[in-house]
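Proteins come first, then strands; the chains are lettered A, B, ... in the order of their sequence lines, and each starts at number 1.
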Number of protein chains: 2
Amino acid sequence: MGLSIVSSTLPPRGSDLPLLLLLGFRALIDDVHAELAEAGHAGFRPLHGVTFKAIGDGVTASELGRRLGVSKQAAGKTIEGLEREGYVERVSDPGDARSKIIRLTPRGVDVQQQAFKVMADLRARWAERLGEGRMTAIEDALREMTADRETRFDIPGWFNG
Amino acid sequence: MGLSIVSSTLPPRGSDLPLLLLLGFRALIDDVHAELAEAGHAGFRPLHGVTFKAIGDGVTASELGRRLGVSKQAAGKTIEGLEREGYVERVSDPGDARSKIIRLTPRGVDVQQQAFKVMADLRARWAERLGEGRMTAIEDALREMTADRETRFDIPGWFNG
DNA sequence: CACGATCGACAACCCCATTGTCTATTAAGG
DNA sequence: CCTTAATAGACAATGGGGTTGTCGATCGTG
């Protein structure tokens with residue numbers, strides 16, 4: 001009875017690397033958003049972060065949908081939410097009367113800058129604990145192992161299937 | 001014009017650690033599921049993997065809902081899907097007439113074993129490329145930095161908000 | 001200037017998760 | 001025992017978020 005925690009299907013040694021990467025990612029993201037919440041951006045979610053990355057310097061709703069792996073209508077809904085909270089705005093494209101360009105507002109840029117700063121701070125804290133050598137070794141290793149992969153932003157659809 | 005790729009809000013050095021961890025995680029998971037698809041488990045999604053982890057050696061629908069951070073009804077729906085594909089089964093709890101225990105079928109155990117094996121293989125491939133020393137250094141570092149965090153399974157709700 | 005493609009808006013639909021309610025069962029205490 | 005509070009799972013009603021489909025306006029190309 002007391003051994004019920006020992007599964008009949010023991011995972012082999014070395015199979016926990018994905019979990020470790022996920023845990024590390026989550027730890028950082030959680031810390032970032034805890035800080036953002038204190039800075040007056042409590043409604044800002046991890047998903048918004050990748051949306052910001054997908055927006056970049058400005059995109060149309062259609063293009064954003066493609067990048068996020070959802071329909072343009074779904075992207076439009078996401079935009080509405082961010083617009084309501086004052087993070088993004090939609091302006092007419094002077095070069096294309098059909099398009100409206102979605103871009104970050106000053107408030108949106110502010111969150112992004114703060115997020116970047118917190119991430120850098122957290123990275124520094126990790127480096128302090130691990131040593132700068134080990135820290136850069138990890139980053140270099142991850143860069144090397146993911147060099148052939150393109151950065152994709154369709155996280156929810158990818159994970160949930 | 002040619003510089004439009006340079007954003008006006010440059011991310012500071014070191015702020016890409018979360019992205020690197022996410023990319024590494026995704027790379028591994030994508031490779032795992034590519035292999036699983038070839039082994040006759042094409043319908044098996046990343047979300048199913050964390051569900052399996054949450055199921056462990058057997059849980060009730062209510063407990064599974066709590067672990068996944070969703071309602072017990074939502075957990076029930078997820079179970080229905082996995083049941084339909086033959087990965088899990090629900091058996092009456094001999095010790096509690098109210099409960100039905102959800103647990104992996106032999107087919108479910110098979111996917112899990114294969115997934116574990118592929119993960120270990122991928123880890124070995126990484127180690128081959130990076131050197132065993134750097135590989136274990138990464139794992140140790142990640143374990144150290146996430147030691148105080150508990151493993152949670154509420155990924156979708158956590159990320160999407 | 002004609003034609004096909006694309007943008008965004010609008011509408012209808014659907015899936016999934018949520019809350020609320022119900023019955024059966026369990027566990028704890030008088 | 002017997003009462004009472006808590007919990008498991010089934011069922012129903014609701015709502016949000018996503019999808020497809022359609023439309024007029026605009027762009028690009030030949």
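- The CD1 atom of B:Ile29 sits 11.0 Å away from atom CG of B:Leu22, with the distance rounded to the nearest 0.5 Å.
- A heavy-atom distance below 4.5 Å is found between the side chains of B:Val88 and B:Phe52.
- Side-chain contact check for B:Leu82 versus B:Thr51: some heavy-atom pair is nearer than 4.5 Å.
- A cation-pi arrangement, defined by a distance under 6.0 Å to the six-membered ring centre and an angle within 45 degrees of its axis, is present between B:Arg26 and A:Trp158.
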Per-nucleotide protein contact string for nucleotides 7-14 of chain D (B base, S sugar-phosphate only, - none; heavy atom under 4.0 Å): BSBBB---
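- Between B:Leu122 atom CG and A:Ser15 atom OG the span is 11.0 Å, to the nearest 0.5 Å.
- What separates CZ of A:Arg84 from C1' of D:dG16 is a distance of 11 Å, to the nearest Å.
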List, one per line, each side-chain donor-acceptor pair under 3.5 Å for residues 126-133 of chain A, sequence neighbours excluded.
residue  : atom : partner  : partner atom : Å
A:Arg129 : NE   : B:Glu144 : OE2          : 3.4
A:Arg129 : NH2  : B:Glu144 : O            : 3.3
A:Glu132 : OE1  : A:Arg123 : NH1          : 3.1
A:Glu132 : OE2  : A:Arg123 : NH1          : 3.4
A:Glu132 : OE2  : A:Arg123 : NH2          : 3.2

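- Contact check, A:Ser71 against D:dT19: a side-chain N or O comes under 4.0 Å of OP1 or OP2.
- When the C1' atom of D:dG16 is taken as reference, atom CG of A:Leu47 falls 14 Å away, rounded to whole Å.
- Taking the six-membered ring wherever Trp is involved, the centroid distance between the rings of A:Phe159 and B:Phe159 does not fall below 6.0 Å.
- The span of DNA chain C lying next to chain B, judged by atoms under 4.0 Å from heavy atoms, is bounded 5' to 3' by C:dA17 to C:dT26.
- Taking atom CG of residue A:Asp93 and atom P of nucleotide D:dG28, one finds them 10 Å apart after rounding to whole Å.
- The aromatic rings of B:Tyr87 and B:Phe44 sit perpendicular, their planes meeting at an angle over 60°, well past the 30° parallel limit.
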